[in-house]
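One structure is given here, and the rest of the page talks about it.
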Amino acid sequence: MAKHQTPLLDQLESGPWPSFVSDLKQEAEARAKNEKNIEYQIPQDVVEDLLGVLELSFKDGVTHWKHGGIVGVFGYGGGVIGRYCDQPQQFPGVAHFHTMRVAQPAGKFYTTKYLNDLCDLWEFRGSGLTNMHGSTGDIIFLGTTTPQLEEIFFELTHTHNQDLGGSGSNLRTPSDCIGEARCEYACYDTQALCHYLTNEYQDELHRPAFPYKFKFKFDGCPNCCVASIARADLSFVGTWKDDIQVDQDAVKAYVDGTYPPNAGAHSGRDWGAFDIKAEVIDRCPTGCMKYENGKLEIDNRECTRCMHCINVMPRALKPGKEKGLSILAGAKAPILDGAQMGSLLVPFIKVEEPYDEIKEVIEAVWDWWMEEGKNRERLGELMKRQGFQRLLEMTNIKPVAQHVKEPRTNPYIFWKEDEVPGGFERDIKEYRKNHQR
Amino acid sequence: MAKHQTPLLDQLESGPWPSFVSDLKQEAEARAKNEKNIEYQIPQDVVEDLLGVLELSFKDGVTHWKHGGIVGVFGYGGGVIGRYCDQPQQFPGVAHFHTMRVAQPAGKFYTTKYLNDLCDLWEFRGSGLTNMHGSTGDIIFLGTTTPQLEEIFFELTHTHNQDLGGSGSNLRTPSDCIGEARCEYACYDTQALCHYLTNEYQDELHRPAFPYKFKFKFDGCPNCCVASIARADLSFVGTWKDDIQVDQDAVKAYVDGTYPPNAGAHSGRDWGAFDIKAEVIDRCPTGCMKYENGKLEIDNRECTRCMHCINVMPRALKPGKEKGLSILAGAKAPILDGAQMGSLLVPFIKVEEPYDEIKEVIEAVWDWWMEEGKNRERLGELMKRQGFQRLLEMTNIKPVAQHVKEPRTNPYIFWKEDEVPGGFERDIKEYRKNHQR
Amino acid sequence: MAFISSGYNPAEPMKDRITDIGPRSYEEFYPPVIAKNKGKWAYHEILEPGILVHVSETGDEVYTVRVGGCRLMSVTHIREICEIADKHCDGYLRFTTRNNIEFMVDSKDKVEPLKKDLAGRKFAGGSFKFPIGGTGAGVTNIIHTQGWIHCHTPATDASGPVKATMDALFDHFQSMDLPAQVRVSLACCLNMCGAVHCSDIAILGYHRKPPMIEDEYLDKMCEIPLAVAACPTAAIKPVKKTLEDGTEVKTVAVNNERCMYCGNCYTMCPALPLADKEGDGIVIMVGGKVSNRISAPKFSKVAVAFLPNNAPLWPETTAVIKQIIDAYSKDARKYERVGEWAERIGWERFFEKCNLEFTHHLIDDFRDPAYYTWRQTTQFKFTD
Amino acid sequence: MAFISSGYNPAEPMKDRITDIGPRSYEEFYPPVIAKNKGKWAYHEILEPGILVHVSETGDEVYTVRVGGCRLMSVTHIREICEIADKHCDGYLRFTTRNNIEFMVDSKDKVEPLKKDLAGRKFAGGSFKFPIGGTGAGVTNIIHTQGWIHCHTPATDASGPVKATMDALFDHFQSMDLPAQVRVSLACCLNMCGAVHCSDIAILGYHRKPPMIEDEYLDKMCEIPLAVAACPTAAIKPVKKTLEDGTEVKTVAVNNERCMYCGNCYTMCPALPLADKEGDGIVIMVGGKVSNRISAPKFSKVAVAFLPNNAPLWPETTAVIKQIIDAYSKDARKYERVGEWAERIGWERFFEKCNLEFTHHLIDDFRDPAYYTWRQTTQFKFTD
Ligand code: SRM
Ligand code: SRM
Ligand code: SRM
Ligand code: SRM
Ligand code: SF4
Ligand code: SF4
Ligand code: SF4
Ligand code: SF4
Ligand code: SF4
Ligand code: SF4
Ligand code: SF4
Ligand code: SF4
């Protein structure tokens, strides 16, 4: 018999989509049975109490978690989110219910060995509940008690060769799209760069020295499968500089219906025969394509590498050979001043180990932000407050028209004193000699 | 011999475009000669001194006019802009050089009788120089002395049946496009409405009771030939609600080259034969047109009445029959917070004498602005400060999706207390009963 | 239960301490076919919903079976995933950026047994454990956040509405019958832990009541200047109040008129709770995207200002989302994302086609940029 | 010169006073063919540059000959206009919204004599008095403001640069050889008395030095709080200073770093002049429009941050404008306005094609909306 009645939650067990309620119940049951005779280090009924408190929230229409307390592991400024229940008497199993963020491997590939080992640890010292994965990318261990935090960290590092991820005013755990590992569109090795920078900046990740959180995300191409442009203070998006590679025979195979358009992504509906004019040429945002006499022509100078044509005809078109990435800066969620997408900072940069050029940009951005950023001010907000010019100045990047969608519509240009002949200081008396009051 | 040497200005006498320098010189000469023996009421050499002070500005690279003083005619708060030279000893003829704004007739049609009469008055009591017309639309009398202001006003009203226009924190002289008088696109009688409202609101025009200036402009259709959408606190732009009127035979005459596209507006270059697909169908911003089997079809529900197709084929297409106007609010020049275009306030309103519905909108807008507007705050700025919702509320206009280009991207919605069940006041003690601290 | 030490000694925290080792290397985890063909993939094809093949220049192939992950996962469930991967995939698997699980095999004949195995597994309550789908022009997994499971600031739950919505959209998860991919996200408060601000459809928890002020404890629990500074609309000011018992305390006052219930003050100060059963609920936002395909990334726009938290099934929320997806599905062009469709037909037509009411709440009034969202042209469409 | 009274008696200003009569009625001024056919026009055609015919449903026609007006006009010049109108047009004429003059005749045979008469008239210096043109896809008259002729705040002259520019663009005034109409405007300061903020090409006078402060007189000439409040960037604050002679005065201080030289303080306070020979000059803005044709009205964008006031011919200004118009003319599609062209090809390409340098000044940094002008996508074109 379940510890708490959950009539509301129970209604979420039917329906086709995997039911988290069913899963919670199966875990609650497994812990109750404890077939493996585990010496649980946190309450055995933690999951039952979680179901209970959640049912209560469903009834009350509000959360029953208190404002997080400051808990963590020694020497680290992040990786743990403290959490306490506001009904601890009723739900003692979740009185403490802290999460731990475990840094996920780049690309999120796993061996079952590794995952099973983590499960053993977490079942033993935590609730046995996880998020696979958190929105930033970490493996989230969901719910443990304060005394277990150091124990878990110790085992993670000693047994699993695995570190915690970020939280607090730190670099957050970087994440990436699958990229070259299994995607033909990738313009650089996202896993390699993501992993390298994560390790390079471990200090920034674990020891809060920033005004606020800071995120890196790595997308192999402008399709942005890790949504870097929307969710990272610095987004690294693969792109290319030369011509799209075209296989004319394969183009023909699309036109004649041999290959399914967009790799079959639209096969659930009958959209009619593939129409290269309507579906590719006319949808190219720059209008830089032609299909005449069975030949596809691209005016590559006008192409903005939006990926559309490549997505539609992956067997015929490929990104160019001169590959690299664009860096965009300042994306963030809406709080406090409205959401921001990343703004293009470096149009094109090569991706070459040891990534010195990329690191120069990162570190110049950080220097500026650490110097000028206010407490709890994201990079994007600082950019808004001090202006994009300032970011360019501090990163020593030359202003180019690529930096803007359009030039300013207001003429409120700030001039530097040394740009204006004669400077700003003038003698009003001199002026009055020729201009009576 | 000219009073002042003007070697710089003289360089502006050649070249094809009418030279204002030549004209100033001809006027200077005419005054010097005074063939009609006029008893000039302001210095006879006013134009020579104007040339002199302008030459000095060309040399110095700065203006030689002082900050305007407060001069005017009794009982009016506008119509005159005071102006004094900052080198009165050197250029006594322009020591005082005030302008007067004479309210232009709607549509700017004139009889020569009327204009000649004004010339006589202005030659006699002013510099004989004008702007035909000022940017707002007035006839500008450019330069007279303080004592002449009342005299001119007296003669204007008594002899010429003509009033001054606006300046200061008033309604400014409204202006309009030529409209029905000579344009087939007009959706309402701009002159009639402009003239009516100008007279209706004479008090607002002459006696400053507003926080700042306020402008009306009247365009007969969305081509906006008086630029109302960019330059008027309230813009009245003709539009229609039903279907574009199509003459299929005339369409064919365009297609076969009988009629010149766009009424010949592009005839200075060989653009090749008219291509209805490329020039009309594909350029329609909503894509709501088709030309098949020699027939033009318009999906009028999707048409946004941009005028393009009508402009290209004026003999074939005409605005619909159910005509009226849209009202847009808040356009202004960039100072202080950036330029604003008018924002759509009333999507569609009929234009019927005595224009009560239109006046209701105007007066509701004014009531709000006079109540809430700060000193020197334009309507557009107030709209920005208090929000578009507030404008709708105060004008009692129902919010519709037409009011926005797109809904808000931030979720920072302000709720009114009465919209939220239970209101805003809550008892923290009640809350703490279920939520421990 | 007895405390079992990991070896950690609280008296000597630095002893043997290992830090800054970062995540495990991705190279350890690549299945062999991936390790071998990395960077050499020539093309891919979606063979059926949830099943992809990637073909390498070397001629190698990798078949991927993608299954829905409900993200909040128990170790029991993860172990079942591992068991499947051990059985079919040589002990490898991966998770996608939207929390789906990918099982990869290196030849076609391994696909069917895997599929069958996956499709057969169900939870006790009847739901699929491993529904196959989430590829191409359909609906994939909902990116979501903690909600009432773990967070202190939510205005709605996360897992609950997500389950209800995925049930409602399940057909689109298992078919590729939409004009383009439709990405649904949920964030339980406007901190928006996710890409809700640029999703095709976003479910956002939102408070509608200003914070309560716990005068008696505020100064003890919070730093008043931080709370004051936290408010983006300057609605909070420090005040002194006299409690019922006569003690004078330092606390704050909130100008309700200026408050937009963002909860940032509560983040800084636990004595300012906002949550309220009737006040809290859901905002539906639409038309965002992050890919750069055809059009630039777009922010989501508010389409419905408020829907109640009708737990456990959030029927109003799922109904509105269905309405939008149905209208979109019927009307949009191939490859056209929700936002691109709305922009092409015009937002006035979007509201009409989706049968949604336009209310004053949807007009932007936040700071200077609001102005640019109003309609500065005479171009508009008439609606009924 | 003796004072001659109009009849006005300063001692009794209200005696016989006529006020609030407004402008004369337009109906008095319509030529008969207009009065008769108003509201009945069926179509029009531009027969040649500057010559329009409008045809009425009644069969009536009106031929319009449009000529350039230089706006700053003497009574002598106006009388000459009237003389022409008397001779050819039964004593009627009109002015356009861009300060051109329109002579209308009611039959075709009256056009040629009128044209000939107009074309033959020249000023002593050689310029045309009445150049015919300004219609269709060309350049029409420049809307402009007062400049050094009359205003106290200009950062450049108006009539001078306008004459220089119209001379440079004269061919386009007299032909219709551009892709669409190109509207050039000038405002001598950023009060922008005109539609400079949404013109295809805008010439804008701009200061570049913060105001001088006339400490000695400031408090006598101005209300300090108004001057302080006038500043949109809060660069001004009230201060006390001790003058050389030891007197203490109330005055203001300007934070030069925050000043963007808008001159609004000077508008409120004459003791804060900004004008400066080297500081002042011209900003070129491009790509604005007001018509709703095809695309919505657009604001002009800054394309060149500064050009010097090289009177009397402003050669740098006319050169840049020519450059832009030439590139536009060569590259744009039929019906495409300058701004539409720039948006289609991308602003990065615009700068390249017009051979203009992109400098940091062109990046918006004014308040929150600035953000939306930066590039929030990976879509861009490479330039050389
Ligand atoms: C766990 C996680 C949600 C999830 O269920 O996946 C999460 C949970 C919290 N986030 Fe987040 N954020 C999480 C990813 C994000 C993301 C998404 C991302 O990183 O890609 C964002 C939007 C992107 C961004 O950073 O702008 C995000 C934007 C925020 C914000 C708003 C920050 C801003 O500058 O706009 C806050 C507020 C704050 O920092 O006080 C916040 C705060 C929080 C806090 C710490 C609550 C708070 O106010 O202190 C939440 C703790 C919840 C809990 O009790 O478990 N979280 N948060 C995600 C981290 C898991 C992981 O490490 O993988
Ligand atoms: C005469 C005229 C320019 C011209 O040469 O044509 C003019 C001249 C002045 N304008 Fe203007 N404005 C003139 C049309 C405009 C327009 C255009 C329009 O009305 O369509 C605008 C832009 C539209 C608008 O109103 O936003 C305009 C926006 C300004 C502004 C900025 C107002 C704002 O809110 O953005 C100022 C500044 C001020 O009011 O202090 C201004 C101020 C001035 C002052 C009074 C200077 C001042 O700071 O006190 C100028 C006096 C010049 C002089 O000495 O002759 N003038 N002013 C125009 C009026 C003539 C007429 O009545 O026909
Ligand atoms: C597996 C995954 C990457 C990963 O590292 O985990 C992935 C994999 C692929 N993406 Fe993606 N995308 C993945 C998340 C995304 C995201 C991020 C997100 O949704 O949060 C985006 C941006 C979404 C947005 O714009 O809002 C994304 C936007 C795209 C696009 C652009 C589609 C568009 O119409 O805008 C393509 C191109 C296409 O579909 O043809 C694409 C294409 C692809 C391809 C075809 C790439 C390839 O050649 O292998 C992959 C299979 C597509 C499919 O599932 O139909 N992928 N893709 C992610 C699967 C998530 C899931 O479980 O459903
Ligand atoms: C006479 C005048 C109205 C008046 O009341 O004085 C006028 C008259 C006509 N306009 Fe205009 N427009 C006049 C100022 C304008 C303005 C205002 C301005 O420039 O300050 C605009 C908005 C400009 C802008 O968008 O920046 C304007 C935008 C148009 C358009 C839209 C063109 C476009 O491509 O965007 C049309 C349609 C067309 O040209 O086919 C139009 C069409 C017309 C037509 C064809 C209407 C008609 O059927 O008679 C008239 C002759 C056009 C021609 O000259 O080529 N008229 N027209 C104005 C002449 C000014 C001048 O002397 O040059
Ligand atoms: S972002 Fe590009 S490279 Fe990365 S997985 Fe998506 S499509 Fe492939
Ligand atoms: S990538 Fe995009 S812009 Fe480039 S050719 Fe293809 S569709 Fe056009
Ligand atoms: S705005 Fe329209 S109605 Fe008025 S003149 Fe221009 S084209 Fe004609
Ligand atoms: S008026 Fe504009 S939107 Fe309407 S049919 Fe014509 S071109 Fe299309
Ligand atoms: S969105 Fe808000 S409520 Fe949800 S997890 Fe993030 S911070 Fe907590
Ligand atoms: S909820 Fe937000 S707006 Fe309201 S008082 Fe708190 S911080 Fe300010
Ligand atoms: S633009 Fe400026 S300088 Fe020119 S007339 Fe207007 S206020 Fe005066
Ligand atoms: S010029 Fe403008 S920005 Fe500078 S001090 Fe004066 S008002 Fe302020």
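Just so we're on the same page: letters track the sequence lines, and every chain starts at 1.
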Under a plain distance cut-off of 3.5 Å, with no hydrogens placed, do [Y] and [X] share a side-chain donor-acceptor pair?
| X | Y | value |
| --- | --- | --- |
| C:D365 | B:Q386 | no |
| B:T286 | C:Q379 | no |
| B:E406 | C:T373 | no |
| B:E419 | C:H361 | yes |

Quiz prompt | Test item: C:R208 side-chain N/O and B:F414 main-chain N/O as donor-acceptor pair under 3.5 Å | solution = no

Quiz item: Among residues 210-220 of chain C, which ones touch chain B with a heavy-atom distance under 4.5 Å?
Solution: C:P210, C:P211, C:M212, C:I213, C:E214, C:E216, C:Y217

Exercise. Indicate the ring-plane relationship of B:W415 and C:F306, choosing parallel, tilted or perpendicular according to the 30° and 60° boundaries.
Key: perpendicular

Quiz item: Less than 4.0 Å between a side-chain N and a carboxylate O, is that true for C:D384 and B:R301?
Solution: yes

Quiz item: On the ring face of C:F380, is B:R305 found with NZ or CZ under 6.0 Å from the centre and within 45° of the axis?
Solution: yes

Quiz item: For B:F424, is the NZ or CZ atom of C:K209 found under 6.0 angstrom from the centre of its six-membered ring and inside 45 degrees of the ring axis?
Solution: no

Practice problem: Let me see the working for B:L392 and C:I363 under side-chain contact (heavy atoms from CB on, under 4.5 Å), right down to the final yes or no. | Solution: CA-CA 11 Å; B:L392 293 177; C:I363 302 177; 3.6 Å; yes

Quiz prompt | Side chain proximity check, B:H403 to C:W374, heavy atoms < 4.5 angstrom | solution = no

